[in-house]
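Following: one structure in C-alpha cells, then a few remarks.
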Amino acid sequence: MLEIFIFSIALCIIVLITKRILLRSKLQSLKNKHVVITGGSSGIGKCVAIEAAASGANVTLIARDVKKLESAVSEVKKHCLNHEDQKVQYISLDVSENYDEIEKVLHGAEDEIGPISMLVNCAGMAICGRLEDTSVNDIKYLLNLNFLGTLFPIKAVISRMKGRGEGRIVIVASQAAMLGIYGYTVYSSTKFALRGLAESLHMEVKPYNISVTLSLPPDTDTPGFANEEKSKPMETRLISQSAGIVSPEVVAKQIMKDALTGNFYSTVGSEGFMLTTLCAGMAPVSSVLELITQVSLMGIMRLVSVHYLMSFHRIIRKCMKTRNQTKKSE
Ligand SMILES: *[C@@H]1O[C@H](CO)[C@@H](O)[C@H](O)[C@H]1NC(C)=O
Ligand SMILES: *[C@@H]1O[C@H](CO)[C@@H](O)[C@H](O)[C@H]1NC(C)=O
Ligand SMILES: *[C@@H]1O[C@H](CO)[C@@H](O)[C@H](O)[C@H]1NC(C)=O
C-alpha cells in the first residue's frame, strides 16, 4: 500500500510541475471589468475581492452584515491599482431568500458600475453533526444558503452574460463536494448539489463564451471555519485532522487564476488534485494535459482512496467504542 501511495504522490508532483511550466501564459487583466462577490465580507470572499481589486476590477461585495461589509470595503480599497478610477462598493443582501429582490439588486449594480464580467459565489457555511442530531431548521438553512444562495445570483446574471457573449461564473463549493464524510451529511449534500449545478451550467453556457469554475477548497482558516469546528463530532474532527488547513489568501489566488484561465476545477494542494482526478467522471475537460493525468492516475488513486476509507472506518469504530463505554459508565 505504501509503495502505491509513494508512487502516486511522485506522479502528482511530476504532473504539477509540468502543469506549472506549461501554464505560464499571461492571464487576462480585469481592468475596467465588474466583479461581484457574494459572501464577500470575510474569509475566501474578501480575499477574492482583494485579488480582483489588485488586478484593476471594479468590485461589488455582497453579504448581509453592514458593519462587516463596511470594514471589508475599506480593506479591499487599499489594494486597488488605480485609487481614483476603481470603484469598490457593497450591497447588503440575503442571497438565499427572495429571488426577485436578488435579480433587482444585481441588475441595479450592473446599471451603476457596468456589466458583471465575473460572479464569484462564496456565500455559504457549514454546520456539522450526524443526521439525527441536526435540526430541521439547520437543514433548511444550509440548503437555502449553500445551494439556493448560489443558484439565485447565477440565475439573475446569466441571461445578460449570454447576451454579451462573455462572462465567468465561479462556484465555491468544498472538498466535501467530492466525497461524503461522517458528520457532514447535510453540508456535503448541499455541496454535491453545487457540483451538479456547475456541470450542467457549464454545458448550457459554454457556447456563449462563458466559463464555469468549481472551487473545491480544503479546510480554510476563516471565521466560518472557526465556527464550524465547534459543531464537529469527534469522528469528523479525527477524520479531517489528517488534512491540513490552508489560508484564504492561497485559495483566493488559485480561484482567480483558474477562473481567468477558464479551468473547470480550482483546487489547492495534493489532496485537491487527487480528489478532482479521482472524481472527474463526466466533468468537463479543461486541458489535454488534465485529461491525460486523469486517465493515467484514476485507477491507482482509487486504490489510495480505499486506503483512506479504511482508516476513516477504523476511526469511526474506535469512536463508537468510546461512546459505548461512556454510556455504560453513566
Ligand atoms: C471601473 O473601473 C475603471 C478602471 O479600471 C474606471 O475607469 C471606471 O470608471 C469604473 N467604473 C465606474 C462606474 O466606476
Ligand atoms: C470571450 O470572453 C473573454 C472574456 O471573458 C473575452 O476576452 C473574449 O473576447 C470573448 N471572446 C469572444 C469571441 O467574444
Ligand atoms: C456499541 O453498542 C451497540 C449497542 O448499543 C452495539 O450494537 C455495538 O456493537 C457496540 N459497538 C462497539 C464497538 O462496542
Side-chain angles (χ1 to χ4, degrees), residues 23-38 40 45-62 69-70 72-93 103-122 150 153-172 197-215 252-266 284-288 290:
L23 287 182
R24 234 179 236 162
S25 52
K26 257 235 167 290
L27 291 176
Q28 279 175 355
S29 144
L30 283 171
K31 235 172 225 166
N32 233 333
K33 306 265 175 162
H34 185 189
V35 177
V36 174
I37 298 142
T38 74
K46 190 172 76 181
C47 293
V48 170
I50 288 173
E51 291 296 316
S55 35
N58 297 322
V59 181
T60 301
L61 301 179
I62 296 179
L69 279 166
E70 277 169 353
V73 163
S74 59
E75 194 181 334
V76 171
K77 268 188 179 151
K78 288 182 204 142
H79 295 83
C80 285
L81 277 183
N82 183 333
H83 291 268
E84 282 103 63
D85 272 358
Q86 259 175 282
K87 194 155 180 183
V88 180
Q89 65 159 15
Y90 74 80
I91 299 171
S92 169
L93 175 73
E103 188 183 274
K104 203 179 91 197
V105 164
L106 285 172
H107 286 181
E110 291 204 308
D111 298 338
E112 207 178 312
I113 330 195
I116 297 170
S117 300
M118 190 191 282
L119 171 69
V120 186
N121 295 278
C122 297
T150 301
I154 296 175
K155 179 171 160 60
V157 302
I158 204 69
S159 57
R160 286 190 174 185
M161 277 187 178
K162 276 183 170 179
R164 289 191 301 272
E166 179 188 346
R168 301 185 186 282
I169 302 279
V170 178
I171 296 173
V172 178
L197 169 63
E199 288 192 11
S200 314
L201 185 72
H202 175 270
M203 213 179 268
E204 285 186 12
V205 302
K206 190 170 185 273
Y208 298 87
N209 190 33
I210 298 169
S211 68
V212 177
T213 298
L214 180 67
S215 162
K253 280 202 166 76
Q254 191 63 43
I255 286 176
M256 227 10 139
K257 213 160 105 192
D258 287 316
L260 291 178
T261 316
N263 290 341
F264 182 70
Y265 287 129
S266 177
V285 178
S286 296
S287 71
V288 177
E290 188 197 74

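Just so you know, these numbers use all the heavy atoms, side chains as well, and skip hydrogens, waters and symmetry mates. First listed ligand is number 1; within each ligand, the first listed atom is number 1. We're numbering straight along the sequence, starting at 1.
Atoms of ligand 1 found under 4.0 Å from any heavy atom of Gly56 (numbered from 1 in listed order, with element): 5 (O). Every atom of ligand 1 with a heavy atom of Glu112 under 4.0 Å away is listed here by number and element: 13 (C). Contact atoms of ligand 1 toward Lys87: 14 (O) (distance under 4.0 Å to a heavy atom of the residue). Atoms of ligand 2 lying under 4.0 Å from any heavy atom of Arg168, numbered from 1 in the order shown and given with element: 4 (C), 5 (O).
Ligand 2 has an N or O atom lying under 3.5 Å from an N or O atom of Asn209, backbone or side chain.
Listed here is the closest heavy atom pair of Ala156 and Leu106: CB-CD1, 3.8 Å. When all heavy atoms are compared, the tightest approach of Lys46 to Val76 is O-CG2, 4.3 Å. Smallest separation of non-hydrogen atoms from Ser266 and Thr213: CB-CG2, 3.8 Å.
The closest protein non-hydrogen atom to atom 11 (N) of ligand 1 is Asn58 ND2, 3.1 Å.
Glu166 has a carboxylate O that lies under 4.0 Å from a charged side-chain N of Lys33, or vice versa, which qualifies the two as a salt bridge. Between Lys155 and Glu103 there is no salt bridge, since no side-chain N of the basic residue sits under 4.0 Å from a carboxylate O of the acidic one.
For the residues Asp85, Val59, Val88, Leu30, the heavy atom positioned nearest atom 9 (O) of ligand 1 is part of Asp85.
Residues Val170 and Val172 are in side-chain contact: their nearest non-hydrogen atoms beyond the backbone lie under 4.5 Å apart.
For Asn32, the heavy-atom gap to ligand 1 drops under 4.0 angstrom.
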